[in-house]
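A short write-up of the structure that comes next.
Letters A, B, ... are given to chains in the order of the sequence lines, protein chains preceding strands, and every chain is numbered from 1. The structure displayed is predicted, hence computed values, not measured ones. In what follows, every heavy atom counts, from backbone to side chain, and hydrogens, waters and symmetry copies are set aside.
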Amino acid sequence: MRYNPQLIEKKWQRIWEKTGIYKTKDRVKGKKNFFCLDMFPYPSGHGLHVGHLHGYVGSDVVSRYYRMRGFNVLHPMGFDAFGLPAENAAIKFGIHPKVWTYKNIKDITKQLKSLGAMYDWKRLIITSEPDYYKWTQWLFLQLYKSGLAYRQNVPANWCKNCKTILANEQVVDGKCERCDSRVFQKNIEQWMFKITSYGEDLLSGLGNLDWPENTKTMQRNWIGRSEGWEIRFKIQNSDLKTTSQNSKFIEVFTTRADTLFGATYLVLSPEHPIIKNLKSQIANLKFVEEYIEETKKKTERERISEAKEKTGVELQGIKAVNPANGREIPVFVADYVLGGYGKGAIMAVPAHDQRDSDFSKRHNLPIIKVIKAGRERFSAERAYEGEGILVNSGEFDGMDSIKARDRIGKWLSEKGLAKKSVYYKLRDWTISRQRYWGAPIPMIYCKKCGWQTVPEEDLPVLLPPLKDFKPTEDGKSPLARVNKFVETACPKCRGRAKRETDTMDTFVCSSWYYFRFTDPKNKKQFASKEKIKIWLPVDIYIGGAEHTVGHLLYSRFFTRFLKNKKYLSFSEPFLRLSHPGIILGPDNQKMSKSKGNVITPESVTKKYGMDTLRVYEMFMGPFGDSMPWSTEGIEGSYRFLKKLQRLNSKLKSQNSKPPASPKLQRGEQFKSQKLEKLLHQTIKKVSDDIKNFRFNTAISALMILVNELQKEKQLTVNNYQLLLKLLAPFAPHLAEELWLPYGKSVHLQPWPKYDPKLVREKETTLVLQVNGKVRDKIGVEIGISEEKAKKLAISSQKIRKWIEGKKVIKIVFVPNKLINIVI
RNA sequence: GCCCGGGUGGCGGAACUGGUAUACGCAAGAGACUUAAAAUCUCUCGCCAGCAAUGGCUUGUGGGUUCAAAUCCCACCCCGGGCACCA
C-alpha cells in the first residue's frame with residue numbers, strides 16, 4: 001500500500017472529532033492531571049505559517065506523550081482576539097474589526113484543526129466574547145477595589161498615527177511597534193495597574209521556576225532592583241527665605257555612596273518639584289524655565305539620540321553642601337536625569353560615572369578622583385566606574401570601595417542625612433487604550449460622587465456595535481461618540497453620569513486566560529476554585545520569547561493578586577516554560593509577506609501531508625533555536641514516514657508466508673539480542689528527549705530504529721507495535737492508521753517501558769591512544785579491569801609500532817572508555 | 001555602551017559530567033531495478049597526500065590549563081536577541 005497522507009489524515013481527524021477522543025474530563029480515576037498550554041494566537045489576517053506551527057507541534061508532542069504516560073492532560077486552544085491590529089486592518093481595508101477578527105479566527109481554526117493536535121475544542125475561548133470579557137472587567141474591579149487600579153495623569157507614549165497611547169513595551173527605538181511612526185510624549189489621564197507593588201515578590205519568585213535562565217535574567221533586569229542610599233544635601237542659606245522643610249534639602253539616590261567625596265555638583269530632573277519652591281532664589285529663573293519647557297517638547301527619541309550631548313542649566317544663586325566634606329557645590333537641572341526614577345535628583349561624580357563625566361566636561365565642572373583602581377587604568381575619555389580603594393575621602397581613605405558604600409551611608413545616617421533604600425526600574429502598567437476594539441473599562445464618572453465602579457451584577461459592560469470605529473483626533477476613544485453608551489446613571493446617587501470610554505490593553509485579557517481554560521463555561525465565576533485547584537499551575541507553557549517582559553510578567557502579577565484575594569493558593573502560574581525557536585525562510589531571513597519567503601502549511605501538506613510537516617519541524621534542529629526552512633530537507637522526513645508504511649507491508653507479506661523455523665540459528669539469536677537492546681535504548685532515548693524538548697534527537701533515534709527494523713529478515717508484531725507507539729506523538733495520523741489492526745486507538749495505549757538491564761551495554765569499544773592520539777580501538781566487555789586493559793593495549797600490534805623503543809612515562813585508564821599511553 | 005545566546009563538513013545539525021569529533025537527515029557522486037521516468041535499494045562522501053595500507057590537519061582566530069579540549073580559562077573577531085541616560 002502506498003503512503004497517502006492526504007487521505008488518512010482527513011479521515012482520522014474526522015473520526016477523532018466524532019468519537020471525542022481528545023475531550024478532557026476534569027478528573028479521571030487514578031490519573032494525575034497535567035496542563036500543557038500554548039500561548040494562544042492573535043487572529044491576524046495572514047493566517048499561520050510553518051513558523052507558528054513549530055511551537056504548537058512541540059506542545060502537542062509533549063501533551064500526547066504525557067497522555068500515553070498515564071496523565072489526564074489538558075491541552076486547550078483559544079484566541080487573543082481584542083487589540084490594535086484588528087482596528088488597523090479594519091481601517092485599512094474598510095472592514096469592521098469584529099468581522100475581520102472572526103473571519104481570521106475561522107481561517108486559523110481550520111489551519112489548527114489540520115494540525116491533528118489533541119486540542120479539546122470544547123474548551124475554546126475567545127477573549128472578545130462577552131462571556132469572557134465580563135470576567136476581564138470583573139478582574140479590573142477587584143484590582144480597583146484593592147487599590148491596585150488607579151488613575152493618573154502621566155506622560156504617555158503618544159502615537160500620532162494610531163492616535164493612541166502605547167505601553168512602554170510597544171515602543172521600539174522610540175517608534176510605534178505597529179506602525180513604525182515616531183512616538184511623542186503627551187500627558188493624559190490613564191488607568192494604571194500597580195504592578196510595582198509586587199516588584200520584590202515578582203523578582204524573588206523567579207528563583208524556583210523551571211524557566212530558561214535567559215528569560216529569568218531578562219525579567220530580573222526589567223524589574224531592575226537597585227540597592228543604595230538616599231542622601232540629603234543641605235541647600236545653603238535656604239532657611240533665610242523659606243521655612244518649608246521640603247526646600248531645605250535636596251535628596252538624591254545613589255548606589256555608589258562610596259564615591260560621595262567625589263560628588264562635585266547635583267543635578268535635578270526637569271520635573272523636580274523643588275524647582276518651584278526655590279523659584280524666588282534662582283537668579284536665572286527665566287533660563288531655567290525655558291530649558292524645562294524645551295525638554296518637555298522633546299520626544300523620548302530625541303532625548304535618546306542626544307544622549308551624549310548632556311544639556312543642562314545651572315540654578316544660579318542656589319548652592320548645596322556635600323555632607324561628606326562640607327564643600328559648597330552647584331546645582332543643575334538637566335534632562336539626563338529622569339523624573340520618574342529614584343529621587344529625581346542625583347549627586348554627580350564625574351570621575352566615576354560616564355554620564356556625569358560627559359556633563360562636567362561640557363560645563364567645565366571640577367572632577368575629583370576618589371577611587372583608585374587596582375591597576376591604574378584611567379583614561380581622559382572614560383570615567384572609571386569599577387571598584388577599588390578610596391582616595392581623597394578623608395577618614396575613609398584606603399578602604400575598599402564595596403565596603404565603603406555601607407560605611408559612608410551609615411556614617412551619614414547617624415547624622416540623619418542618609419537612609420538605605422531600594423528602587424526598581426519596573427513602572428506601573430498603563431492599561432487605558434483610546435480604542436474601540438477592546439474590553440470596556442467598567443467605570444462610571446459622576447460629577448457629584450466621583451469615579452464609581454459598575455456594579456458586578458451589571459457586568460459585562462457590552463462593547464456597543466459601532467459603524468464608525470475610527471479613533472478621534474483629540475485622543476479620545478471612538479466610544480466617546482456613542483451617547484447611548486456614555487450616558488448612564490451614577491450607581492451611587494442615580495444622577496446623570498458618564499461611562500469611561502477607554503478600553504483595556506489586550507494584555508489584560510491575556511493575563512488570566514489560562515484560568516478560564518479550566519472552567520470555560522462558568523457563568524458565576526472567572527473559574528471555580530475547585531477547577532483551578534485541579535489544573536493549575538500550568539505544568540508546561542510553550543510560547544515565544546518576545547513575551548518575556550510583557551505577558552509573562554503581567555500573568556505572574558495577576559496570579560499573585562488572585563492569591564492574595566484567596567482565589568488560589570499558588571503564586572506562580574507557569575511552572576515550566578519553553579520558547580520555540582523562530583523558523584526563518586529558506587533565504588535565512590525572517591518570514592514576511594513583503595520578502596515573499598513565507599512558507600504556508602498548506603503548501604507543504606499538499607505534497608507531503610501534515611505528519612511529514614510535524615516530523616520535519618521537530619527534526620530540523622533544537623526546539624528553541626532559530627533555523628531556516630529547507631524545502632529539500634523535508635524530503636528526508638517524508639521518506640522516513642514512507643519507510644514506516646513499507647514496514648507494514650513487510651509485516652503483512654511475512655504473515656502470509658509460513659512461519660520461519662522457531663529455532664533461531666546462533667548468529668540470528670545474537671542479532672535478535674542486539675535488536676532488543678536497540679529497542680530498549682530507543683524507548684529510553686525518545687522518552688528522555690521528549691521530556692527535555694530534544695525532539696530532534698528523539699526523531700533521529702527513531703530513524704535509526706526504523707533503518708534497523710528494515711534490515712531485519714523477520715519483523716515481529718511486538719516490535720512493530722512498539723515503534724508505532726513511539727511514533728504516535730510525532731505523526732499521530734500515520735501511527736493511528738497503521739495501528740488499525742490492533743484495536744482501539746494508538747493514542748490510548750500506554751507508553752512503552754524499557755528494561756534498564758537491557759539498555760546497558762555489555763561490550764564497549766576501548767580507545768587506545770598514544771600521546772592523546774587514537775591509534776587503535778578494541779572491543780572489550782564492560783567493567784574490564786585496569787590491569788587487563790593495559791595488557792591488552794600494550795599487546796596491540798598498532799600500539800606496539802608507536803611505543804617500541806620508547807620509554808612509557810604513564811598510562812591513563814578511563815574505565816570502559818580509553819587508555820592513553822604517554823611516552 | 002551594557003546583559004544574554006551562538007560560531008562544528010557543501011547545508012540543517014549530533015557529541016553524557018573534559019575521553020572515538022562530524023550521529024541522524026539533506027544535497028552530491030557511482031551503481032542496481034526499470035523500455036523509460038518516478039519511487040526504492042546498495043555503496044562513497046570533513047580537508048590534504050597516497051592505487052592502497054596509512055599518515056598529517058580540522059570544531060571562528062590567537063594563546064593557556066590538562067595525559068587528553070568542540071567542551072574549562074584569558075584575549076580578540078564575527079553573527080543573533082534583549083536593554084538602553086534607571087544614578
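For Tyr336(A), the listed nucleotide lying nearest its side chain is C85(B); candidates were C57(B), C85(B), C41(B). Checking U54(B), A87(B), A39(B) against every side-chain atom of Val337(A), the shortest atom distance belongs to A87(B). Of all nucleotides listed (U54(B), A87(B), C85(B)), U54(B) comes nearest to the side chain of Lys801(A). Checking G55(B), C3(B), A84(B) against the side-chain heavy atoms of Trp222(A) singles out A84(B) as nearest.
For RNA chain B, each stem of at least three Watson-Crick or G-U pairs (distances under 3.5 Å) is given as range with range: B:1-7 with B:77-83, B:10-12 with B:24-26, B:28-32 with B:40-44, B:46-49 with B:54-57, B:60-64 with B:72-76.
Comment: Arg614(A) does not engage Glu617(A) in a salt bridge, judged by the lack of any side-chain N to carboxylate O separation of less than 4.0 angstrom. The residues Glu387(A) and Arg405(A) are annotated as salt-bridged, a charged nitrogen and a carboxylate oxygen being separated by less than 4.0 angstrom.
When heavy atoms are screened at a 4.0 angstrom cut-off, Ser630(A) is found touching no nucleic acid atom at all. No contact: Trp629(A) has no heavy atom under 4.0 Å from any strand. Residue-level contact check: Lys343(A) touches neither bases nor backbone, having no heavy atom under 4.0 Å from any strand. Nucleic acid contact class of Gln710(A) (heavy atoms, under 4.0 Å, all strands): sugar-phosphate only.
Between Arg220(A) and C4(B) there is no side-chain N or O to OP1 or OP2 distance below 4.0 Å. Phosphate contact (OP1/OP2 of C85(B), side-chain N/O of Lys310(A), threshold under 4.0 Å): absent.
Positionally, the nearest nucleotide of RNA chain B for Met218(A) lies more toward the 5' end than for the other of Met218(A) and Ala345(A).
Ring geometry for Tyr638(A) against Tyr608(A) counts as perpendicular: the plane angle is over 60°, on a 0 to 90° scale with 30° as the lower cut.
Side-chain atoms of Asp358(A) and Tyr336(A) include no donor-acceptor pair closer than 3.5 Å.
For Tyr423(A), the side-chain hydrogen bond (donor to acceptor under 3.5 Å, both in side chains) test picks out Glu230(A), with sequence neighbours left out.
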### Query
Along nucleotides 12-25 of chain B, 5' to 3', which nucleotides get a B, which get an S, and which get a -, given that the test is a protein heavy-atom distance under 4.0 Å?
BSS-B--BBS-BBS
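Between Tyr616(A) and Trp629(A), the gap from one ring centroid to the other is short of 6.0 Å. Aromatic rings from Phe623(A) and His54(A) are positioned such that their centres are separated by under 6.0 Å.
Side-chain contact between Val252(A) and Trp229(A) is absent, with no heavy-atom pair separated by less than 4.5 Å.
Tested against Arg775(A) for a side chain to side chain contact (heavy atoms under 4.5 Å, CB included), the candidates Leu768(A), Val767(A), Ile799(A) yield a single pass: Ile799(A).
In this structure G9(B) sits in the syn conformation; its chi angle is within 90° of 0.
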